[in-house]
Structures are given as structure tokens and as C-alpha cells.
Number of protein chains: 2
Amino acid sequence: MTNQTSQCSIEKTLKQISGKWKSVIIYMLLKHPVCRFSELQRLIPDCSRRMLALQLKELEQDGLITKKVYPVTPPKTEYSLTERGKDLRTVVEGMQEWGKH
Amino acid sequence: MTNQTSQCSIEKTLKQISGKWKSVIIYMLLKHPVCRFSELQRLIPDCSRRMLALQLKELEQDGLITKKVYPVTPPKTEYSLTERGKDLRTVVEGMQEWGKH
DNA sequence: CAGCATCCCGGTCGATACTG
DNA sequence: CAGTATCGACCGGGATGCTG
């Protein structure tokens, strides 16, 4: 065994959702199941384009969202949650509720 | 109003629990309601003493845990969750479950 | 035992500009 | 429209050593 890290899996979860905008993106995709890049920009105005692209890429690599690219001009992409991503509903909505006090 | 940040409270929650060990600490305090500093060290061996002290201090400042100091030699402290902290149960346990696959 | 002080490095993130 | 490239500032966090 390589590393038993306190017998808890929270660290792995944290790594995947603690990116500055990841949980917000997931939250938005729960409410708007299919989003274009620009829609997410509007939904999360404080997140820069660069950051949005970065976080989306990581989320995709981690298998939490899928990206569908339409080969058209101008480009069009659509993002949505995978099943794995949807499973975070409890966590993300819990965060939202808790944050409201 | 200063900043409406996408009408969602997730960012605030994230700030309070995204410290590298905060959610793990909360998780441990859910299972072991009263812990000494050294107990937390044993429960979370990958977290250095420095980091543990730091995260505990921030959690305390954010009102998620309370610290009871016994004026004895050698020093003895006990940490436990506040109500506000306990309210994170859903989130933290959700993270644990999700992390297990 | 339960911390704090210091040094320091690598990753994170904003600003800005460019591209297919 | 949906990104990528580059630069630079900031700071989270590791290593180590000291203290009441």
C-alpha cells in the first residue's frame, strides 16, 4: 500500500472540487443541465474566461462533466454533468444551503 | 451591495472548508466529538503539526469549532464542533461517501 | 503537550493579448 | 464564440527549529 492517509476519502473529493470555481460550476450545471461556454460565463460572472476554461478542463479530465463540441463556425460547445458529477448534488447543494446560514 | 457573486453561497462555504485539512478535521470531530490536539494528530497523521494548528485556528475563527484550554502543565486543549460546525455533517459525510466511489 | 516563528518553494490565479 | 499563451504577483503549505 502506498499511502493510507487517515482512512478517509475526503481528501480525494476535496482535490476534485476545491478548485476555486469547480463547485459553483457543478452547481450551475445541476440547475442548467446543458450549458454553452458563454452561458456559464454569464452564470458565473466573477470567474474569468481563463479560469472557466481551466476549471472545465480539469472537471472533464476528472470525469465529472462532459464536453460536446459542434464543428461549426463560430464554435459551439456544450457542457453537462456525468453521472459521477451528478452524484455530487448532495455535497454541492449542502454547501449552498450551509452558505446561506 | 458590494458583490453579488453569481447569486450563490457556495464560494463562502468553500472558503471555510477548502483548507487542505479542514474538512477532514471536521469529519474527525463528527466521529470523535471531543479531541485533544494530539488525538487529532494521530487521527490525521499526514497533517503536520504546523498545519493542524493553523487549520484549527482558522476553523475556530470562523466559528466552526471551539477550543477549550485547561490551564495545566503540560498544556491540555480540547476541540469540538460548534452547532454551525455540526451543520456541515451533510456536506462532509457526502464528501466521504462520494470519495469512496 | 501544544503550539508559534522563520525560511522558502511551487502552484494558483489575475491581467492582458492572441487565435481558429 | 470558445478558447490558448504568457507573464508576474501572491500565498498556501512543507521543513525545521524554538518556547511556555
Side-chain angles (χ1 to χ4, degrees), chain A residues 2-3 5-6 10-26 28-29 32 34-62 64-80, chain B residues 2-3 5-6 10-26 28-29 32 34-62 64-80:
Chain A
T2 53
N3 184 356
T5 63
S6 11
I10 293 185
E11 304 165 51
K12 285 107 177 183
T13 307
L14 197 63
K15 275 210 187 81
Q16 306 213 9
I17 66 169
S18 67
K20 193 168 181 191
W21 298 102
K22 288 184 183 178
S23 43
V24 180
I25 292 172
I26 293 167
M28 290 307 170
L29 285 177
H32 313 268
V34 177
C35 279
R36 302 189 55 171
F37 189 87
S38 50
E39 289 183 84
L40 287 169
Q41 279 193 85
R42 273 189 296 95
L43 290 168
I44 318 174
D46 289 345
C47 176
S48 69
R49 197 171 23 200
R50 171 186 131 81
M51 261 301 115
L52 186 54
L54 225 76
Q55 305 281 59
L56 285 171
K57 180 176 291 185
E58 290 185 21
L59 286 171
E60 193 194 357
Q61 286 169 352
D62 287 342
L64 304 191
I65 64 175
T66 9
K67 173 180 179 177
K68 185 184 264 180
V69 181
Y70 295 87
V72 297
T73 309
K76 172 179 176 181
T77 57
E78 281 178 351
Y79 292 92
S80 48
Chain B
T2 54
N3 184 357
T5 64
S6 10
I10 294 185
E11 303 166 53
K12 285 108 178 184
T13 307
L14 196 62
K15 275 210 187 83
Q16 307 213 5
I17 67 169
S18 68
K20 194 170 183 189
W21 298 102
K22 288 185 184 175
S23 42
V24 179
I25 292 171
I26 293 168
M28 290 307 170
L29 285 177
H32 313 268
V34 177
C35 280
R36 302 189 55 173
F37 188 86
S38 50
E39 291 183 82
L40 287 169
Q41 277 192 87
R42 274 188 297 94
L43 290 168
I44 318 175
D46 289 346
C47 178
S48 69
R49 197 164 18 172
R50 172 186 130 82
M51 258 303 115
L52 185 54
L54 224 76
Q55 303 282 58
L56 285 171
K57 178 176 289 183
E58 289 185 22
L59 285 171
E60 193 194 356
Q61 286 170 352
D62 288 342
L64 304 192
I65 65 176
T66 10
K67 173 182 181 176
K68 183 185 266 180
V69 181
Y70 295 87
V72 297
T73 310
K76 173 178 174 180
T77 57
E78 281 178 351
Y79 293 92
S80 50

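Note on naming: letters A, B, ... go to the chains in the order of the sequence lines (proteins, then strands), and numbering restarts at 1 for each one.
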Practice task
In whole angstrom, give the distance that lies between atom CG of A:Leu52 and atom C1' of C:dA15.
Solution key: 16 Å

Problem - Distance below 4.0 Å between B:Ser38 side-chain N/O and C:dA2 OP1 or OP2 - result: yes

Practice task
Looking at every strand, decide which applies to B:Tyr70 at a 4.0 Å heavy-atom threshold: base, sugar-phosphate, or nothing.
Solution key: nothing

Practice task
Could you check if a side-chain atom of A:Cys47 sits within less than 4.5 angstrom of a side-chain atom of A:Val24, using non-hydrogen atoms only?
Solution key: no

Exercise for the section: Answer yes or no: does a side-chain N or O of A:Arg49 lie under 4.0 Å from OP1 or OP2 of D:dA2? Expected result: no

Problem - Interatomic distance, B:Ile65 CD1 vs C:dA2 P [rounded to whole Å] - result: 14 Å

Problem - Heavy-atom check, side chain of B:Leu40 versus side chain of B:Leu56, under 4.5 Å - result: yes

Exercise for the section: Can you tell me the distance, in whole Å, between the CE atom of A:Met51 and the P atom of D:dA5? Expected result: 14 Å

Completion exercise
One would report the end-axis bend of the helix from C:dC1-D:dG20 to C:dG20-D:dC1, five pairs per end and rounded to 10 degrees, as 50°

Exercise for the section: Have a look at A:Arg50 and say if it touches a base, only the backbone sugar-phosphate, or nothing, with a 4.0 Å heavy-atom cut-off. Expected result: base

Exercise for the section: Tell me whether the OP1 or OP2 atom of D:dA2 has a side-chain N or O from A:Lys67 closer than 4.0 Å. Expected result: no

Fill in the blank from the handout: Whichever of A:Pro75 and A:Leu54 has the more 5' nearest nucleotide on DNA chain D, that residue is A:Pro75

Problem - Closest to side chain of A:Ala53, choosing from D:dC1, C:dG3, D:dT4 - result: D:dT4

Practice task
Take atom CZ of B:Phe37 and atom P of C:dC1, then tell me their distance rounded to the nearest Å.
Solution key: 11 Å

Exercise for the section: Side-chain contact test, heavy atoms from C-beta onward, threshold under 4.5 Å: evaluate it for A:Tyr79 versus A:Ile25 and give yes or no. Expected result: no

Practice task
Establish, with yes or no, whether the OP1 or OP2 oxygen of D:dA15 is under 4.0 angstrom from a side-chain nitrogen or oxygen of B:Ser48.
Solution key: no

Exercise for the section: Side-chain contact test, heavy atoms from C-beta onward, threshold under 4.5 Å: evaluate it for B:Val69 versus B:Pro75 and give yes or no. Expected result: no

Problem - Of the listed nucleotides C:dC4, D:dA2, C:dC13, the one nearest the side chain of A:Lys20 - result: C:dC13

Fill in the blank from the handout: CG (A:Leu59) and NZ (A:Lys67) are apart, to the nearest 0.5 Å, by 12.0 Å

Exercise for the section: Look at the side-chain N and O atoms of B:Thr77 and state whether any lies under 4.0 Å from the OP1 or OP2 oxygen of C:dG3. Expected result: yes

Exercise for the section: Considering just the side-chain nitrogens and oxygens of B:Lys57, establish if one lies under 4.0 Å of OP1 or OP2 belonging to C:dG3. Expected result: no

Fill in the blank from the handout: Exactly one candidate in A:Glu58, A:Gln55, A:Gln16 meets side chain to side chain donor-acceptor pair (under 3.5 Å) with A:Lys22; the answer is A:Glu58

Practice task
For residues A:Leu54 and A:Lys57, determine if any side-chain heavy atom of one lies less than 4.5 Å from a side-chain heavy atom of the other.
Solution key: no

